[in-house]
Amino acid sequence: MRRWTAGFGRGNALPAFRGQGGGRGWINAGGVASWTSRPLVSSRSLHSLLLRCLPLVLAPLFTLAGAEVYSDKALRLEQIEVSYLGVSHARFQGSLSKKMVSRPFAAMSFLSLLLTLLTMSTPSWCQSPEATAPKASNGMPFPWNKVRLPEHVVPVHYDLMIHANLTTLAFWGTTEVEVTVSQPTSTIILHSHHLQIAKATLRKGAGERPSEEPLRVLEYPPHEQIALLAPEPLLVGLPYTVVIDYAGNLSENFRGFYKSTYRTKDGEVRILASTQFEPTAARMAFPCFDEPALKATFSIKIRREPRHLAISNMPLVKSVTIAEGLIEDHFDVTVKMSTYLVAFIISDFKSVSKMTKSGVKVSVYAVPDKINQADYALDAAVTLLEFYEDYFSIPYPLPKQDLAAIPDFQSGAMENWGLTTYRESALLYDAEKSSASSKLGITMTVSHELAHQWFGNLVTMEWWNDLWLNEGFAKFMEYVSVSVTHPELKVEDYFFGKCFSAMEVDALNSSHPISTPVENPAQIREMFDDVSYEKGACILNMLRDYLSADAFKNGIIQYLQKYSYKNTKNEDLWNSMASICPTDNTQTTDGFCSRSQHSSSSSHWRQEGLDVRSMMNTWTLQKGFPLVTVTVRGRNVHVRQEHYMKGSDGVPETGYLWHVPLTFITSKSDVVQRFLLKTKTDVLILPEEVEWIKFNVGMNGYYIVHYEDDGWDSLAGLLKGTHTAISSNDRASLINNAFQLVSVGKLSIEKALDLILYLKYETEIMPVFQGLDELIPMYKLMEKRDMNEVETQFKAFLIKLLKALIDKQTWTDDGSVSERMLRSQLLLLACVRKYQPCVQKAEDYFRKWKESSGDLRLPDDVTLAVFAVAAQNTEGWDFLYSKYQSSLSNEEKNQIEFALCTSQDKEKLQWLLDESFKGDIIKTQEFPHILGLIGRNPVGYPLAWQFLRENWNKIVQKFELGSPSIAYMVMRTTNQFSTRTRLEEVKGFFSSLKENGSQLRCVQQTIETIEENIRWMDKNFDKIRAWLQTEKLELL
Ligand SMILES: [Zn+2]
């Protein structure tokens, strides 16, 4: 699945590349920016266990200590949970005590120990009623009490027949599952959610005379399971088929088998039905063994009316008329695959098709009025599929690949095997109206879903705890593939932005290791976060840089070949990688693994060999990332690693240690030097003394660097003098690292601000974007605190800093993709910040556009700025809204939607919230984005926060607890608060939700982020005020 991030993810609040969960978005409503954060790990079952049992255990303890335990119970429980998790990681490392010092929380180590013991041997008095004796919906005992299915019954093949009525919005079906058992059993447990089971039978034997016997059915809704009880045990080695007749209603909520609608050019509303099963919604369409490791083959039949067409994973084999007005489509049998990859769509879509060189038919499906926007994605899909077949050296195993644009879609896209599905704006490209970033976003999204056809579909993670094996890889492959197939997009330049986004959340104590235990559906949904996607991709990129591109590629080919149609864990990947590179470095055929090509300044590299597994375990099994501190003494370079974590001055001692593949260049040599740091400290010896040294070349490593003594001064001097001596990515990473260090008190805010002054001379997109990513959040925090004077000065400084670059921008679509994206963002910033030359020009453009009734073609890349200016008055806002209703271009609609949300009129903003949530004219799929934009609007944010609180239950029903959409909404409405009053408000609201949200990772994250904002402002605000008065700004 690709989350809701079309595009490269930075500045993701913009319509063209807004992020569902993506990192720090900056310019949005009102020129807004964010700090971001991401969820912490939360073991839901553990949490509920704690909630149930903790009072029993702790009450006496606290009573003894005279402490007021329960005045703020929820908060304490959250902290306890964090601490508990700290213990479990520390235990993993074999050192129990180290992590405990990370939080000053009295008595916690003792309590945590107690809790550990408690949960390890859950005593019977503490088990939930359902854990011991679950009761089926009819009151009978339910014979299974676990969330995971039993292992002794496995599916082999499914025959599915589904008949949906798009008028009554009901469907019914028959599922026949062939199963085998590995031990005699008379109960079969499988998943079913919101389905009415009419009848279940068991067919024994095969061939001509199978016998059938009825099965009793019990349902257990809390675990979304049913139990089928056979009169006699099923025996090992015999073939059995379970036959289930059932019915259901099309879901209204983007998941399972769900209803979608669209309006034709003539205003007619049409209905279609589509599926979204990942991670746990296949069970909403048919009863099944809905776990990724329970792979099977599928034969699918769909009944439909003649006016519709049906598509599914496999090509149509035949269509049979079974009654008047009813046709049954039979699709070819699939390859062996997981249930979450099954898909079918009933619609009146049109399609366009092309063949790949190897004979795979690729088609793009869309609503008839938009099929003329399908060509770009079709060409991209053909090119990318050919690339992957070649890169992976494994042919795409299906005869066809359909890409379908679905009018209602919660995430960005989904990789169903042979039938990938997309949000319309992530697939359809309007050559007339789409911007450069939209092209980039579509290419990346298609690339992501096609990479999944191998990573995820062919080889699947065994369980959702290793989701990153799917998502980290697909995210990473976006860059590997598109940099080859579409070199003009220069995606490699944007890669490190992903790592900064991931670090934003990974720097919080509430982060979690990439590989993290999860069990229930809400926990599983929480895995679809920046850590699985972005951090996963970043550590793969680091590994590739370390092993060399060829060795890395060989490793993954071996992995894919070895585990085709199977499931894997973390270690399977590392073993495949390790076997490519023997530790003695003797097999260096084709240059693989020959580290000698890297002229290392140290012998560490070769001596120690390549232990990929040990190295990568330090990145996947521990949360967070290292801060590497560099001290140069003559020719000696002292390096030291520690766990970078926000929340206090100085870096807490957690005992974490990483194997950090360091790279560096110096003033004397631009040849990349390498050094694997495996210990806490080490020393490198340079051949000669240098003026400056820059670590983490190209930001290929997932760590940040502090240069002690005059290290930062040398680098600041370099930027000021000849900034082009190092790459633009290196410049951007210096900006990022400097401000990260301010947060932990290692560098003063003044020094970081001084460093950024060089941006006056900068012209490249990534350093400029990084600068904005650091500076905009500062005034966003001030906006939330009524600090008008300094806020105004700061905004003026920002424009002054970039004025030369803004003035240089032409109001055209000329230039490379990155030049165009830079233009689009800079003009938007300038206009939103009311830079008069920009505003006047935008007003002029809008007047002409309006006079032509919107027919005049505006340059795509300035449209956003033009609309944002126009939306500031009622007349302009109303005209934009009228165009919104009739536009067939998703890009244009996104741009208008963005502009409408920048209004300073509270009534209009409230109306947008109400309408998008209702989903009539503005689709409900847009609601999270609109809420997020208004949450960043200086006058709108209290409305957004209020709307979220007042409608929480309905919002959760629609978007599901634990989903990336919910996390996005929570963060966007709250994580820029910077006052204690707001902090208490946020804590109070979420703790009042109890089971219905208080345990969410994103809640912990936002609380931690607000606390950090308060701390940061208390410490730095006066310094910023003083700095803004300094003379050096006069020189700008
Ligand atoms: Zn994905």
Side-chain angles (χ1 to χ4, degrees), residues 1-9 12 17 19-23 38 254-255 275-282 292 337-343 377 380-381 384-385 388 392 401 403-404 406 409-423 426-427 441-461 463-482 491 495 498 501-502 514-515 518 524-541 556 560 567-568 573 963-965 967-968:
M1 180 146 49
R2 197 171 196 271
R3 295 178 304 160
W4 178 31
T5 32
F8 70 94
N12 57 27
F17 38 116
Q20 177 81 308
R38 271 317 83 220
F254 310 110
R255 59 189 172 272
T275 56
Q276 167 61 44
F277 292 163
E278 193 183 23
T280 58
M337 63 187 215
S338 307
T339 44
Y340 77 88
L341 294 169
V342 172
L384 284 159
L385 202 64
Y388 284 130
F392 295 134
Q401 165 67 231
L403 302 89
I406 313 296
F409 206 84
Q410 186 170 343
S411 65
M414 175 62 208
E415 69 265 25
N416 317 300
W417 215 343
L419 171 53
T420 50
T421 47
Y422 301 78
R423 186 177 270 249
L427 191 68
I442 290 166
T443 318
M444 303 286 269
T445 308
V446 171
S447 145
H448 181 105
E449 301 315 327
L450 295 185
H452 271 314
Q453 308 298 301
W454 285 264
F455 273 102
N457 300 8
L458 186 64
V459 179
T460 314
M461 75 265 138
W463 182 245
W464 300 104
N465 62 319
D466 279 329
L467 176 68
W468 85 278
L469 287 174
N470 278 14
E471 297 302 349
F473 252 107
K475 192 94 223 163
F476 174 64
M477 289 309 299
E478 291 176 24
Y479 291 85
V480 174
S481 63
V482 176
V491 285
F495 185 80
K498 295 282 154 211
S501 301
I514 283 181
S515 187
V518 288
I524 292 168
R525 284 190 289 271
E526 286 195 313
M527 287 302 278
F528 290 78
D529 71 354
D530 275 358
V531 171
S532 295
Y533 282 73
E534 270 77 21
K535 182 178 181 181
C538 291
I539 63 161
L540 289 171
N541 183 54
I556 59 177
L560 288 173
N567 296 76
T568 56
L573 175 66
S963 71
S965 309
Y968 176 85

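One-based numbering, in listed order, for ligands and for the atoms of each. What you see below is based on every heavy atom in this structure, not just the backbone, and it leaves out hydrogens, waters and symmetry mates. All residue numbers in this chain count up from 1 along the given sequence.
The ring pair (Phe, Tyr, Trp, His ring centres under 6.0 Å) check on Trp417 picks up nothing, with sequence neighbours excluded.
When distances to the Zn ion (ligand 1) are checked against a cut-off of 2.8 Å, Tyr533 contributes no N, O or S atom below that limit. Among the atoms of Glu415, none of the N, O or S atoms falls under 2.8 Å from the Zn ion (ligand 1).
When the Zn ion (ligand 1) is compared with the N/O/S atoms of Glu471, atom OE1 turns out nearest.
When all heavy atoms of Pro292 and Ser338 are compared, the pair lying nearest together is O-OG, 2.7 Å. The two atoms that bring Arg3 and Asp530 nearest to each other are NH2-OD1, 2.8 Å, heavy atoms only.
For the pair Phe254/Gln276, no side-chain contact is recorded, criterion being any heavy-atom separation below 4.5 Å from C-beta on.
The Zn ion (ligand 1) forms the vertex of an angle spanning NE2 of His448 and N of Met1; to the nearest 10 degrees it equals 140°.
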